Amino acid sequence: MSRPLYRGVSGIGGKLAAADEAYYDPKEPSENGIGGGFGRGGARKRHLAAAAVKIGVLLLLAAALVGSVAWAGTLYAGRGAAARAAAAAAHRGYRRLQEQLVTDLLDIGELAGGGVRAKEAEVCPPEYDNYVPCYYNITDAVDVSDLGAGVVISYDRQCTRDGRVTCLVAPPRSYRVPVRWPSGKGFIWKDNVRISGQEFSSGSLFKRMMVEEDQISFPSDAHMADGVEDYAHQIAEMIGLRNEFNFNEAGVRTVLDIECGFGTFGAHLFERDLLTMCIANYEASDGIFLVEVNRLLRPGGYFVWTSNLNTHRALRDKENQKKWTAIRDYAEGLCWEMLSQQDETIVWKKTNKRECYKSRKFGPELCGHDPESPYYQPLSPCISGTRSQRWIPIEHRTTWPSQARQNSTELDIHGVHSEVFADDNSSWDSMVRNYWSLLSPLIFSDHPKRPGDEDPQPPFNMLRNVLDMNAHFGGFNAALLKSGKSVWVMNVVPTNAPNYLPLIFDRGFIGVQHDWCDAFATYPRTYDMVHADGFLSLEKTHKHRCSTLDIFLEVDRILRPEGWVIIRDTAPLIEAARSVVTQLRWDARILDLDIASDEKLLVCQKPFLRK
């Protein structure tokens, strides 16, 4: 079995007491049965002793730093290359000495203070098990069918700081760690998802799925009328392709699947080198919805609409006819061409010619302002993107996987120099190799046995859904795929960082902008791994707009039990983060990356928290 991670363990120190073992309670008796209270005199002596220890350490720190600076100064006085190299090595040693002394000072201060640590975060009440702060409040965490007829649930967006949880969201009582990929795309544990009896009985999610005692299975023919493979093949033919294997050749790489059920369609497309973003549909399919779809689509992109409203039987109803006519006319006003209609499915193609908007007889007007990624802005009933340098028809774009590399002409659009981009790719290729070399004994071998489970069968690769908190160019995503890792990565561009989200999209990846001081719009236990490179430094630069604990509480909510967190940053910030994650009950270990680097790696694992 792999060695367990201990809370608060660095790469240098040994095992420390868990935070819940370090509380001081004057009411509790000591080991010899005598009361644990110190009394006024004892407390005063203890504080004086603590102050003396701290003063001594400060004097030691000052002496060591003065000595190291003086030594480094004599080395810098040299003129040759050897002297300069020795000076650089001395500087690195000085930095390491400084960091270690600061760490030791904090540890000694903690011990001198009686071992008192920050209190662990409390566990949320059971009604928060499936809490989605952006759309649900806690009263929504019930079976809709139990509310009775005529009850309408409102999905008001609440992605604000007030919507964040301030406690640890524990999994449902019968929750089980998801099955590893690719077996996991074939079935899920029934108790892991919140599905109402109404949804099961109506078949609103899927026309056919096998519900067994403890799992829900999705056979290959479980989506749409003739199965997910036939459905994908049908769409390809309606577009004018030979089959679904030709999507890439037509410039199709990323797919937005709205009201996607359990994501079976996206899982199938992944095998065809298509990357799918699955989202729930909370809005009505009206004109403003189509305008937003038009903004998201690339020139020449396709909008596939499958609905019962499109059938001949449904169109016999006059009200349905009215809705269908309005949607068809609105699509025409957006310069969409209706390519084909088969049964319930219609395919439109967005124009790849800007001139179309000038020759229209009706339709929304062009936007005066063209934001590339309008973060949390109200929908504008106008057509955007026509002035953008990214107005490139999908037929003329570099196809996957070459598009992930981006040539100099494509990079110029985003203001990125090819040399900088190449260095970033090379750095991430090397970093991912280092990550996997360090993490393999922890993640990919001897996966820890879960409570109540039998010994797991190899292989133990439990990583599929990955979130990158500070994605930059999307280099981590690219390096993972280049190294052969079968992962799905959500690239997050913080709102206080340079916005390279358009570049991430053009590389064939998916992502979002997000303010990490706000709640993240996803379900609990979504990700197997969360990665953060330079994120702590970014937040420090912006004066810590919110506490690190608040941010990590939200990370804990979206991370599944036994999921992993990798944080790469400067040594002082990593040491500070280590003290925060212990409040979340994460197991943590600090690893050195390179002897010549001032950065360190904080590797954490979320425990399987039982109620």
Side-chain angles (χ1 to χ4, degrees), residues 19-20 118-147 151-178 188-199 216 262 278-280 282 450-452 465 467 469 490 492 512 514-530 546-565 580-587 604-611:
D20 56 353
K119 185 178 179 180
E120 288 184 343
E122 296 181 354
V123 178
C124 299
E127 55 264 30
Y128 281 87
D129 289 355
N130 296 292
Y131 178 62
V132 182
C134 295
Y135 297 102
Y136 297 145
N137 54 47
I138 57 174
T139 58
D140 291 328
V142 295
D143 193 324
V144 178
S145 60
D146 295 337
L147 299 180
V151 176
V152 178
I153 292 181
S154 175
Y155 296 105
D156 293 330
R157 185 167 194 145
Q158 299 173 9
C159 292
T160 63
R161 301 186 186 189
D162 294 336
R164 291 181 319 209
V165 293
T166 56
C167 49
L168 297 174
V169 176
R173 189 172 300 274
S174 301
Y175 178 87
R176 300 172 66 179
V177 172
I188 59 176
W189 301 120
K190 181 180 176 182
D191 291 330
N192 284 13
V193 295
R194 180 178 143 239
I195 307 176
S196 68
Q198 182 182 26
E199 289 170 319
I216 303 172
F262 286 130
C278 175
I279 64 172
Y282 295 108
R450 295 181 289 275
N465 295 341
L467 182 141
M469 295 180 68
M490 169 58 73
V492 180
V512 294
H514 182 61
D515 183 345
W516 280 110
C517 286
D518 294 341
F520 194 76
T522 193
Y523 292 92
R525 303 171 294 277
T526 295
Y527 293 98
D528 303 315
M529 174 184 281
V530 175
C546 53
S547 75
T548 305
L549 178 61
D550 288 338
I551 295 174
F552 283 174
L553 276 169
E554 183 64 0
V555 170
D556 183 88
R557 184 186 68 84
I558 66 178
L559 184 68
R560 68 162 173 81
E562 297 186 2
W564 297 84
V565 178
V580 174
V581 301
T582 57
Q583 299 179 56
L584 305 178
R585 315 184 190 194
W586 293 357
D587 296 325
C604 310
Q605 187 177 28
K606 175 181 175 178
F608 200 122
L609 189 62
R610 295 292 190 184
K611 296 182 180 178

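Quantities reported herein were computed from a predicted structural model and do not represent experimental measurements.
Heavy-atom minimum distance, Val123 versus Ala170: CG1-CB, 3.9 Å. Contact record, Val132 with Pro524: CG2-CD, 4.1 Å, taken as the closest heavy-atom pair. Leu467 and Met469 get closest at one heavy-atom pair: CD2-CG, 3.6 Å. Between Asn465 and Thr526, the closest heavy-atom pair is ND2-O, 3.2 Å. Considering every non-hydrogen atom in both Thr522 and Ile558, the closest pair reads CG2-CG2, 3.5 Å.
The SG atom of Cys517 sits 5.0 Å away from atom CD1 of Ile551, with the distance rounded to the nearest 0.5 Å. Trp564 CH2 to Cys604 SG: the interatomic distance, rounded to the nearest 0.5 Å, is 9.5 Å. From Phe552, atom CZ reaches atom OG of Ser547 across 10.0 Å, with rounding to the nearest 0.5 Å.
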Mind running side chain to side chain contact (heavy atoms under 4.5 Å, CB included) on Asn130 and Tyr523 for me, showing each step along the way?
CA-CA 7 Å; Asn130 296 292; Tyr523 292 92; over 6 Å; no
List the steps and the verdict of side chain to side chain contact (heavy atoms under 4.5 Å, CB included) for Asn192 and Ile188.
CA-CA 8 Å; Asn192 284 13; Ile188 59 176; 5.9 Å; no
Checking Asp556 against Val169 for the side chain to side chain contact (heavy atoms under 4.5 Å, CB included) test, could you report, in this order, the C-alpha distance in whole Å, the side-chain angles of both residues, the deciding distance, and whether it holds?
CA-CA 8 Å; Asp556 183 88; Val169 176; 5.6 Å; no
Trace of the side chain to side chain contact (heavy atoms under 4.5 Å, CB included) decision for Arg176 with Asp191
CA-CA 8 Å; Arg176 300 172 66 179; Asp191 291 330; over 6 Å; no
List the steps and the verdict of salt bridge (charged side-chain N to carboxylate O under 4.0 Å, His left out) for Arg560 and Asp528.
CA-CA 6 Å; Arg560 68 162 173 81; Asp528 303 315; 2.6 Å; yes
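Ring pair Phe520/Trp516 is parallel by interplanar angle, where below 30° counts as parallel and above 60° as perpendicular. A tilted orientation is assigned to the rings of Phe608 and Tyr175, their planes being inclined by 30° to 60°.
Every residue meeting the side-chain contact (heavy atoms from CB on, under 4.5 Å) condition with Leu559, not counting sequence neighbours, appears here in chain and number order: Val530, Val565, Lys606. With sequence neighbours left out, the salt bridge (Lys or Arg N to Asp or Glu O under 4.0 Å) criterion links Asp550 to Arg164. Judged as a salt bridge (Lys or Arg N to Asp or Glu O under 4.0 Å), and not counting sequence neighbours, the contacts of Arg557 are Glu554.
At distances below 3.5 Å, at least one donor-acceptor pair connects side-chain atoms of Arg585 with backbone N or O atoms of Ala121.
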